[in-house]
Protein chains: 2
Amino acid sequence: MRRECGKWGHRLRNHGFRSTFTREIILETLEATSEHLSPEDIYKKIKTYYSTIGLATVYRTLEILIELGLVNKLDFDDGRKRYELAENVSSKTHHHHLICISCRKIIDYSDFLNDEIEFLNKIEKKLEMKHNFKIQDHFIGFTGLCSVCLS
Amino acid sequence: MRRECGKWGHRLRNHGFRSTFTREIILETLEATSEHLSPEDIYKKIKTYYSTIGLATVYRTLEILIELGLVNKLDFDDGRKRYELAENVSSKTHHHHLICISCRKIIDYSDFLNDEIEFLNKIEKKLEMKHNFKIQDHFIGFTGLCSVCLS
DNA sequence: CTACCTGCAAACTCTTTGCAAGCAG
DNA sequence: CTGCTTGCAAAGAGTTTGCAGGTAG
């Protein structure tokens with residue numbers, strides 16, 4: 001199945017990877033949702049209209065997309081990894097997660113980013129100096145109970 | 001193998017669990033290290049002097065210890081879960097992690113906690129209100145490159 | 001054309017479960 | 001004694017790998 005030059009083609013080619021239908025479709029699937037999809041989720045969604053796709057290819061593609069920085073890997077401790085488009089290539093803004101320890105619901109939040117930036121600015125440089133560590137990224141999150149599980 | 005009343009006995013019994021040699025030994029193993037042990041790590045350490053212990057028991061015990069809040073489960077994306085004694089029952093202070101994405105080394109840090117507390121105080125209440133979510137715990141961490149991998 | 005990419009199936013690794021025997025209380 | 005706990009073995013679940021055929025460039 002050939003495709004001229006998908007939306008993501010140049011990003012792949014710039015890094016020495018080929019632009020293929022499968023890779024485009026996986027990126028489009030991630031782009032089209034606000035959920036945090038597992039490899040199996042992605043596989044099933046695509047399978048409905050592209051029935052010969054293989055689950056192994058989804059895994060292999062996700063690995064590449066992470067390497068390119070197009071996708072983030074997430075762990076909410078529900079037994080599988082989950083993936084989301086990186087913020088710099090998606091319409092999503094910088095955000096973090098509230099994780100319900102009862103029903104496993106995930107809430108994305110993008111609030112109070114100024115406070116976050118202020119906090120990170122205060123400590124990142126100092127952390128790097130003290131521990132001789134080059135920080136590339138951070139993660140922040142809260143666990144607790146969502147409104148449904150509270151009542 | 002019977003034991004009168006281990007150091008952790010009352011904590012287990014208070015929650016309706018029995019105090020057993022295996023459970024004591026797992027807690028002592030976690031207490032004795034500054035590493036973040038996987039179930040297999042714990043199993044192997046104990047196996048050297050208590051050879052009939054089963055790996056399944058380690059998994060089952062860790063689940064209980066998490067339920068009791070004695071232990072924290074960690075994920076550093078290296079294919080296995082890792083465990084550490086909770087700060088309120090250990091000599092460790094509140095801390096977070098720097099994770100080297102190259103060699104997977106983990107650095108615990110306990111610095112700049114005042115800045116962290118200030119930040120959390122600013123946003124937790126507001127997050128709870130806005131998203132109708134009861135926060136119980138938080139996690140913070142940084143990924144990047146350690147000094148060895150930098151050079 | 002040629003090297004990279006893919007689907008399929010099998011292999012692997014970590015984790016969970018069933019069960020009979022063993023212990024704590 | 002009674003029911004929770006354990007070790008062992010087997011099963012489960014998610015992920016990775018080998019390989020032959022397919023395809024991008």
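We use all heavy atoms of the structure for the numbers below, so side chains are in, but hydrogens, waters and symmetry mates are not. Predicted, not measured: the structure shown is a model, and the values here were computed from it. A note on names: the letters A, B, ... follow the listed sequences, proteins ahead of strands, and every chain is numbered from 1.
Tested against A/Lys7 for a salt bridge (charged side-chain N to carboxylate O under 4.0 Å, His left out), the candidates A/Glu28, A/Glu24, A/Glu31 yield a single pass: A/Glu31.
Between B/Asp75 and B/Arg80, none of the side-chain N atoms (NZ, or NE/NH1/NH2) sits under 4.0 Å from a carboxylate O, so this pair counts as no salt bridge. Salt bridge status for B/Asp111 with A/Lys126: absent, with no side-chain N to carboxylate O gap under 4.0 Å.
Taking every side-chain heavy atom of A/Thr22 into account, C/dG7 is the closest of C/dG7, C/dT17, C/dT15. When the nucleotides C/dT16, C/dT15, D/dT15 are ranked by their closest atom to the side chain of A/Arg80, D/dT15 comes out on top. Listed candidates were D/dT16, C/dG25, D/dG7. Nearest to the side chain of B/Thr52 is D/dG7.
As a whole-Å value, the separation of A/Ile66 CD1 from D/dT15 P is 11 Å. With rounding to whole Å, A/Glu40 atom CD is found 11 Å from D/dA13 atom P. B/Lys44 places its NZ atom 11 Å from the P atom of C/dT13, with the value rounded to the nearest Å. The distance between atom CD1 of A/Ile26 and atom C1' of C/dT6, rounded to the nearest whole Å, is 11 Å. Here C/dT13 presents its C1' atom at 14 Å from NZ of B/Lys81, a figure rounded to the nearest Å. In this structure, A/Leu62 places its CG atom 13 Å from C1' of D/dG14, rounding to the nearest Å. Put simply, CZ on A/Phe21 is 12 Å from P on D/dT23, counting in whole angstrom units. Across the protein-nucleic acid pair, A/Asp41 atom CG and D/dT15 atom C1' stand 15 Å apart, rounded to whole Å.
Look at B/Arg18 and you won't find any side-chain N or O under 4.0 angstrom from OP1 or OP2 of D/dG3. Contact annotation: B/Arg13 side-chain N/O to C/dG25 OP1/OP2 distance is under 4.0 Å. Remark: A/Tyr50 is in phosphate contact with C/dG7, judged by side-chain N or O atoms under 4.0 Å from OP1 or OP2. Distances shorter than 4.0 Å separate some side-chain N or O of B/Tyr59 from OP1 or OP2 on C/dT15. The shortest distance between the side-chain N/O atoms of B/Thr20 and the OP1/OP2 oxygens of D/dT5 is not below 4.0 Å.
One N or O donor and one acceptor, one from the side chain of B/Arg60 and one from the base of C/dG18, sit under 3.5 Å apart.
More than 12 heavy atoms of other residues, nucleotides or ligands lie within 6.0 Å of NZ in B/Lys122, so this atom counts as buried by the packing criterion.
In this structure, a donor-acceptor pair under 3.5 Å is present between the side chains of A/Glu116 and A/His96. Counting only N and O atoms by type, the side chains of B/Glu40 and B/Ser38 include no donor and acceptor under 3.5 Å apart.
Where B/Gly79 and A/Thr61 each meet DNA chain C at their nearest nucleotide, the meeting point lying more 5' is that of A/Thr61. Mapping B/Val58 and A/Ser38 onto DNA chain D via the closest heavy atom, the residue that lands nearer the 5' end is B/Val58. With DNA chain C read from its 5' end, the first of the two nearest nucleotides for B/Phe17 and B/Ala56 is the one closest to B/Ala56.
For the helix from C/dC1-D/dG25 to C/dG25-D/dC1, the end axes, each set by the C1' atoms of five terminal pairs, are bent relative to each other by 50° (nearest 10°).
Within the structure, every pair that satisfies the salt bridge (Lys or Arg N to Asp or Glu O under 4.0 Å) test and touches residues 86-102 of chain B, not counting sequence neighbours, is listed here: B/Glu84-B/Lys92, B/Lys92-B/Asp108.
B/Ala86 and B/Gly69 get closest at one heavy-atom pair: CB-O, 3.3 Å.
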